[in-house]
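Report on one structure; see the data block that follows.
This is a predicted model, so every value here is computed, not measured. Each chain gets a letter, A, B and so on, in the order the sequences are listed, and its residues count up from 1.
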Amino acid sequence: MGYWLMKSEPDEFGIDDLERVGVEPWDGIRNYQVRNMMRDQMKKGDLAFFYHSNAKPPGIVGIMRIENEAYPDSCAFDPEDKHYDPKSDPDNPRWLRVDVAFEEKFDDILTLDWLKQQPELADCPLVRRGNRLSVMPLTEDQWDFILANAKRGQTRGGTNRGSA
DNA sequence: GCCAACGTTGGC
DNA sequence: GCCAACGTTGGC
């Protein structure tokens with residue numbers, strides 16, 4: 001079982017949109033490093049945190065499930081599409097996507113500010129300077145740590161994420 | 001294969 | 001809206 005963190009701008013597509021539609025193609029990935037990870041490591045049934053970027057505040061807002069292995073991103077073939085890439089040949093697609101399914105929305109966001117303060121996450125690319133990956137793998141320890149804190153916040157019903 | 005120009009990401 | 005960081009492009 002693999003664990004991931006995937007970023008999206010809530011103005012474009014947020015956790016509430018995913019909850020409403022249930023399943024959504026995660027398309028528009030135009031970064032080779034991310035594509036390779038999706039192609040080589042991402043498996044059906046993997047879990048991913050949904051991260052809101054360019055949000056106020058940015059942070060982790062819920063969980064989704066990877067529905068299939070990577071397959072060609074047809075958006076790249078559509079000249080009308082925002083993510084059109086004329087260099088992607090339908091006979092040899094350059095870009096891939098997966099479908100993701102809504103799993104859970106947290107009551108409270110785990111903010112980037114809080115995530116940055118956690119020693120357990122010091123090695124996560126998310127909190128490293130200059131990181132630009134929109135999809136990144138998490139270790140099982142990192143996943144468990146984040147999930148435990150998301151749950152703890154829910155049972156408390158509060159927004160306080162002070163390091164205890 | 002170098003590297004300057006340019007585009008994008010994403011926090012602030 | 002600004003801008004630091006980084007990836008990509010393309011001339012040479």
Side-chain angles (χ1 to χ4, degrees), chain A residues 2-19 21 24-42 46-64 66 70-100 102-139 142-143 145-147 149-150 153 159-163:
Chain A
Y3 300 102
W4 304 87
L5 183 146
M6 300 169 77
K7 300 178 181 177
S8 180
E9 302 188 17
D11 289 347
E12 298 278 335
F13 187 83
I15 187 82
D16 291 332
D17 298 303
L18 183 60
E19 181 169 20
V21 300
E24 177 79 2
W26 202 269
D27 53 27
I29 298 289
R30 298 293 180 266
N31 174 287
Y32 290 105
Q33 201 178 342
V34 170
R35 180 204 63 184
N36 293 347
M37 286 190 299
M38 292 175 77
R39 180 190 61 200
D40 301 333
Q41 296 172 242
M42 193 174 271
D46 283 0
L47 296 173
F49 287 126
F50 197 130
Y51 177 91
H52 279 178
S53 60
N54 267 324
K56 297 175 183 176
I60 293 171
V61 294
I63 300 176
M64 52 197 169
I66 307 302
Y71 64 98
D73 183 356
S74 57
C75 294
F77 311 138
D78 178 3
E80 301 298 313
D81 193 276
K82 180 183 175 184
H83 300 290
Y84 174 57
D85 181 356
K87 293 175 184 169
S88 185
D89 178 357
D91 292 329
N92 185 20
R94 174 178 295 201
W95 302 115
L96 305 172
R97 70 177 175 224
V98 296
D99 297 329
V100 299
F102 178 82
E103 190 79 17
E104 180 177 351
K105 178 186 175 183
F106 298 146
D107 288 342
D108 298 303
I109 185 172
L110 288 166
T111 65
L112 176 62
D113 184 56
W114 180 85
L115 295 165
K116 280 179 172 174
Q117 295 173 34
Q118 308 311 311
E120 290 86 346
L121 303 177
D123 292 332
C124 179
L126 182 72
V127 301
R128 304 276 275 275
R129 198 179 67 132
N131 157 65
R132 296 182 59 193
L133 295 174
S134 63
V135 175
M136 68 190 74
L138 298 179
T139 67
Q142 290 166 347
W143 175 272
F145 173 79
I146 293 169
L147 188 59
N149 282 277
T159 55
N160 181 15
R161 289 289 188 279
S163 52

Legend entry - With A:E12 via salt bridge (charged side-chain N to carboxylate O under 4.0 Å, His left out) - residues at least two apart: A:K82
Inset, instruction - If a protein heavy atom is under 4.0 Å from the base, mark B; if only from the sugar-phosphate, S; if neither, -; do that for nucleotides 5-10 of chain C going 5' to 3'. - result: BBSSSS
Legend entry - Phosphate-side-chain proximity, A:K116 and B:dC12, N/O vs OP1/OP2 below 4.0 Å: yes
Inset, instruction - Verify whether one side chain among A:N131 and A:R128 offers a donor that lies under 3.5 Å from an acceptor in the other. - result: no
Legend entry - Rounded interatomic separation in angstrom, taking CD from A:E9 and C1' from B:dC12: 14 Å
Inset, instruction - Could you pull out all residues at least two apart from A:R35 that satisfy salt bridge (charged side-chain N to carboxylate O under 4.0 Å, His left out)? - result: none
Legend entry - Mutual orientation of the aromatic rings belonging to A:W95 and A:Y32 [parallel < 30°, tilted 30-60°, perpendicular > 60°]: tilted
Inset, instruction - Applying side-chain contact (heavy atoms from CB on, under 4.5 Å) between A:I66 and each of A:D99, A:L47, A:V98, report the one that passes. - result: A:V98
Legend entry - All ring-ring contact (aromatic ring centres under 6.0 Å, His included) counterparts of A:Y3, not counting sequence neighbours: A:W143
Legend entry - Counterpart residues, salt bridge (charged side-chain N to carboxylate O under 4.0 Å, His left out), relative to A:D81 (two or more places apart): none
Inset, instruction - Using a strict cut-off of less than 4.0 Å between a Lys/Arg side-chain nitrogen and an Asp/Glu carboxylate oxygen, indicate whether A:D73 and A:R94 qualify as a salt bridge. - result: no
Inset, instruction - Take the C1' atoms of the five end pairs on each side of the helix from B:dG1-C:dC12 to B:dC12-C:dG1, get both axes, and report the angle to 10 degrees. - result: 10°
Inset, instruction - Remember a base hit wins even if backbone is also touched, and classify A:L126 as base, sugar-phosphate or nothing at under 4.0 Å, heavy atoms. - result: nothing
